[in-house]
Each structure stands twice: as structure tokens, then as C-alpha cells.
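Quick caveat, the model's predicted, so the values are computed rather than measured. Numbering of ligands and ligand atoms starts at 1, following listing order.
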Amino acid sequence: MEQVMISTKTTNYPVYIGQNILSDAGSLLQGILNKSSKVLIITDDQVAPLYLDVLKKALGETVIKYEYIVSHGEASKSFDQYYEILSYALETGLDRKSVVIALGGGVIGDLAGFVASTYMRGIPFIQCPTSLLAHDSSVGGKVGINHELGKNMIGAFYQPAAVLYDVSLLHSLSKREWASGFAEVIKHGFISGEHFYYWLKSMIHTLPINDNDVLVKMLKEAITIKAMVVQEDERESGIRAYLNLGHTLGHAIEATYGYGKITHGEAVAIGLLFVMKLSKDILGANLPIDETRAWLRQLALPVSIPEQCDRTKLLEYMKRDKKSENGQVHMVLLESIGKPIKKVVSELDIKRALHTF
Ligand SMILES: NC(=O)c1ccc[n+]([C@@H]2O[C@H](COP(=O)([O-])OP(=O)(O)OC[C@H]3O[C@@H](n4cnc5c(N)ncnc54)[C@H](O)[C@@H]3O)[C@@H](O)[C@H]2O)c1
């Protein structure tokens, strides 16, 4: 098992990464569980039949456990769902010493984390990510839900008390979810530098990744990059924005196309290629665009804007992005691999790039 420590100004916590470690949850999380009165496990209806019993058994007989199972998918990151879980927590008598465990992908981590961050002004929570994409979402403390006017518009910065990442669970993911999660791994490669990016490119030609040792090494590296960024800038006033690489267009595509019709990672993959193009157009950056496009295609990730997405609408969404200020689009571009940079990009440059992408 590998361990990455996350140290922010507000807290420190471990990220455990390994094979079959969900069944060691009782001992790995003992320090947190010993101080808690009750545990509420929040999961979804696809993950629950596979792993809920494993987790419950691992927590042991002495822990008082409640469970709340939501429908899988982005629609569960809603205000109604959030409110229902809070009602359940109150009805079952969860108190300030109770702990929330998120067992699932990014949707569950974001939703359960937001519940924990606001229930009785905040109770501890533990992330047990089960998707590849959740290597990103489970670390760093961004939790939240969607509003119909925008994704992740209601939320908080609230760090987990621990992250337990059992890579064995990833093998029940669909091929599409593997690809979706891998887009965020590539993003970490772009932020980190040539070494990790070219290691990924040389190692990963198809998905899923069947070698658990490669998986652990890859996830440790990606999480370490995220940890370094979050440690320096927990509340996204500076370099944390780099983690949004590819997300300005990515979020706009998700919103325009319709959540659920395209996965988060698929939209990010298109967004990453778009950033490479903009970086070439605006900064003159020399980036391996064709090579990356071919690699993404090989991994069954989309490489162009879906026909259904109207480019004028995309631009409108991009202007409403959380990084935007006074209607100006602030994007993360790449000077080179490993050198992200925040830039104000003019509407004209975006329009031009959207129409020639
Ligand atoms: N908080 C952050 O920093 C952050 C970062 C990136 C993404 N996100 C959020 O994460 C969400 C996307 O995460 P996701 O892609 O994990 O979505 P998800 O949680 O919806 O999971 C994708 C699908 O895979 C299923 N699944 C999960 N684990 C499984 C397993 N082991 N076996 C079989 N099926 C499994 C789920 O039931 C779901 O149907 C988005 O809402 C996005 O906004 C948050």
C-alpha cells in the first residue's frame, strides 16, 4: 500500500492507495472511528450492490452504521437530494461526533462531502473513491452540488479526514468510465511535466488498466501532483486554478450537451485539446497536439466538439465560468507541458478557435 499525506493550512490527512484495502477500512480508519458515535455511508445504487457490504463488514460490529443509497449519476448532485440526506441524518439522530463516509465516484464524494460540511456546521467525512475519475475529486476538499444554472455552483472547501482508495474496485467500472477518469490523469500529466506525461503515454495504450501495480504508481503520482497544488493554494486564489486545465470548455460542453449524455472526463478530454490549440494560437506554444489527439482517440476519448453543441452557447457558458471575471474569460493555457499559465482570453480568440477546432 502507498500513502500520500495532504497538508493544508487547515488540516493534514492521509490518502491510502492500494489493492484490496477496503476490507482493511476498520484498521486504517481506526483513529477516526474511535472518536465517532455513528457512521453514515452514502453511496449510489450501482456501487452499493458491489461494495457496501465489504465496507460495512470492514468497519466491524461495534460501529453503528447507517446507509443512504442515491440513484447513480450527476442528477443526484442536486439540492433536493442533498436536503433529503440531511433529513435522514436528522431523523436517525446523527450528531456532531458522527462521520460521513462517501463510497462511490465523484458524484458521491461531492454530494456526501457537502452534506458533511454543512450538517451541524460540519462533521468529519471520509472519502472511499470507487471510480478512476475520483482520484481527482476525492482529494483537495472541493465539495458541492449543481444548480440548474450551473455545475458545482453551490459548495464548500471542506477537506476529508482520510481518503481510502482501493484500486481493485476500479475493475468493475465500464470502459467508458475508465476513459472518463483517465482524462483527468492526463490533465495531471500536463500540469506536472514531461516526465509523467511521457511515462503515461508509454505505459497506457488501452483501457482498462489491468496491472494493479501500474495503477497504484499512476494514481500515487497524479494524487501527489494534486496534493502539491492544493497544499500551496487550498482555496483556489492562485495556482489551484491550474487544476481547471481543460475544464472551461469541458464544463461548457457538459452544460450545453446535457449532463449525463457526455461524461465529465470525455468533456475534459475535448477541453484539453482545445487548450492545446489556444495555447498554440495565442502563446505560440509548441505542444504535441496531433500526438495527443491520436492517443485520446486510441483510448476511446472524443477529440472534437459534439455536433449537438452550439458554439455560441458554448461561448456564453465559458463567459459564466467560475474563473471568469466581469464577463472576461480567464483560462488556464499551457506554455509547454508542465508549465500551465492563467490568461485572460479574448472573446474573439475563443470564437476563432471554436470555429476552427
Ligand atoms: N470535487 C472535485 O474536486 C471534483 C473534481 C473532478 C470531478 N468532480 C466531479 O466528479 C463527478 C464525476 O465523477 P465520476 O466520473 O466518478 O462520476 P460518478 O460518481 O457518477 O461515477 C460514474 C459512474 O460509475 C459508477 N461507478 C462508480 N464506481 C464504480 C465501480 N467501482 N464499479 C462500477 N461502477 C462504478 C457510478 O455508479 C456511476 O454510474 C462530477 O460531478 C464532477 O463534477 C469533482
Between [X] and [Y], does any side-chain donor sit less than 3.5 Å from a side-chain acceptor?
{"X": "Tyr68", "Y": "Thr43", "result": "no"}
{"X": "His264", "Y": "Glu74", "result": "no"}
{"X": "Tyr158", "Y": "Thr10", "result": "no"}

Taking the basic N atoms (NZ, or NE/NH1/NH2) and the acidic carboxylate oxygens, is any pair closer than 4.0 Å for [X] and [Y]?
{"X": "Lys142", "Y": "Asp110", "value": "no"}
{"X": "Lys220", "Y": "Glu2", "value": "yes"}
{"X": "Glu347", "Y": "Lys319", "value": "yes"}
{"X": "Arg240", "Y": "Glu232", "value": "no"}

Please state which option from [options] has its nearest heavy atom closest to [atom].
{"atom": "atom 43 (O) of ligand 1", "options": "Lys151, Glu184, His264, Glu254", "value": "Lys151"}
{"atom": "atom 44 (C) of ligand 1", "options": "Leu173, Asp110, Leu111", "value": "Asp110"}
{"atom": "atom 19 (O) of ligand 1", "options": "Leu243, Asp44, Asn244, Val107", "value": "Val107"}

| field | Min N/O separation Ser180 to ligand 1 under 3.5 Å | value |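 N/O-N/O distance under 3.5 Å: no.
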Identify the protein heavy atom lying closest to [atom], giving its residue, its atom name and the separation to 0.1 Å.
{"atom": "atom 39 (O) of ligand 1", "result": "Gln46 OE1, 2.8 Å"}
{"atom": "atom 16 (O) of ligand 1", "result": "Ser131 OG, 2.6 Å"}
{"atom": "atom 2 (C) of ligand 1", "result": "Ser137 CA, 3.5 Å"}
{"atom": "atom 14 (P) of ligand 1", "result": "Gly106 N, 3.5 Å"}
{"atom": "atom 24 (O) of ligand 1", "result": "Glu177 CG, 3.8 Å"}

Please work out whether any backbone atom (N, CA, C, O) or any side-chain heavy atom from C-beta onward of [X] is under 4.0 Å from ligand 1, and answer side chain, backbone, both or neither.
{"X": "Lys142", "answer": "both"}
{"X": "Asp45", "answer": "neither"}
{"X": "Asn152", "answer": "side chain"}
{"X": "Gln127", "answer": "neither"}
{"X": "Leu133", "answer": "side chain"}

Taking 4.0 angstrom as the limit and counting only heavy atoms of [X], give me the atoms of ligand 1 inside it, by number and element.
{"X": "Gly105", "answer": "16 (O), 19 (O)"}
{"X": "His72", "answer": "37 (O), 39 (O)"}
{"X": "Asp136", "answer": "5 (C), 6 (C)"}
{"X": "Thr130", "answer": "27 (C), 28 (N), 29 (C), 30 (C), 31 (N)"}
{"X": "Leu50", "answer": "32 (N), 33 (C)"}
{"X": "Glu74", "answer": "40 (C), 41 (O)"}
{"X": "Ser172", "answer": "30 (C), 31 (N), 32 (N), 33 (C)"}
{"X": "Lys226", "answer": "3 (O)"}

* To do: Could you tell me whether the side chain of Asp166 and the main chain of Leu22 form a donor-acceptor pair under 3.5 Å?
  =>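 Answer holds: yes.
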Discussion item. Is it the case that the side chain of Asn244 and the backbone of His247 share a donor-acceptor pair, with hydrogens and angles ignored and the cut-off at 3.5 Å?
Written reply: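 No.
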(Q) Over 60° means perpendicular and under 30° means parallel, so tell me whether Trp178 and His171 are parallel, tilted or perpendicular. (A)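 Because their plane-to-plane angle lies in the 30° to 60° range, the rings of Trp178 and His171 count as tilted.
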Mind telling me whether Tyr88 and Tyr66 have parallel, tilted or perpendicular rings, with 30° and 60° as the class edges?
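Perpendicular.
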TODO: Establish, yes or no, whether a centroid distance under 6.0 Å links the rings of Tyr165 and Tyr16.
DONE: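 That pair fails the under 6.0 Å test.
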Quiz item: For ligand 1, is there an atom lying under 4.0 Å from some heavy atom of His247?
Solution: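 No heavy atom of His247 comes that close to ligand 1.
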Margin query: Any heavy atom of His171 closer to ligand 1 than 4.0 angstrom?
Written below: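 Heavy atoms of His171 never come under 4.0 Å of ligand 1.
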Checklist entry - Could you walk me through whether Lys277 and Asp281 pass the salt bridge (Lys or Arg N to Asp or Glu O under 4.0 Å) check? => result CA-CA 6 Å; Lys277 176 178 165 44; Asp281 293 352; 3.2 Å; yes
| Residues, nucleotides or ligands: over 12 heavy atoms within 6.0 Å of Lys339 NZ |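 Counting neighbours around NZ of Lys339, 12 or fewer heavy atoms of other residues, nucleotides or ligands fall under 6.0 Å, so no.
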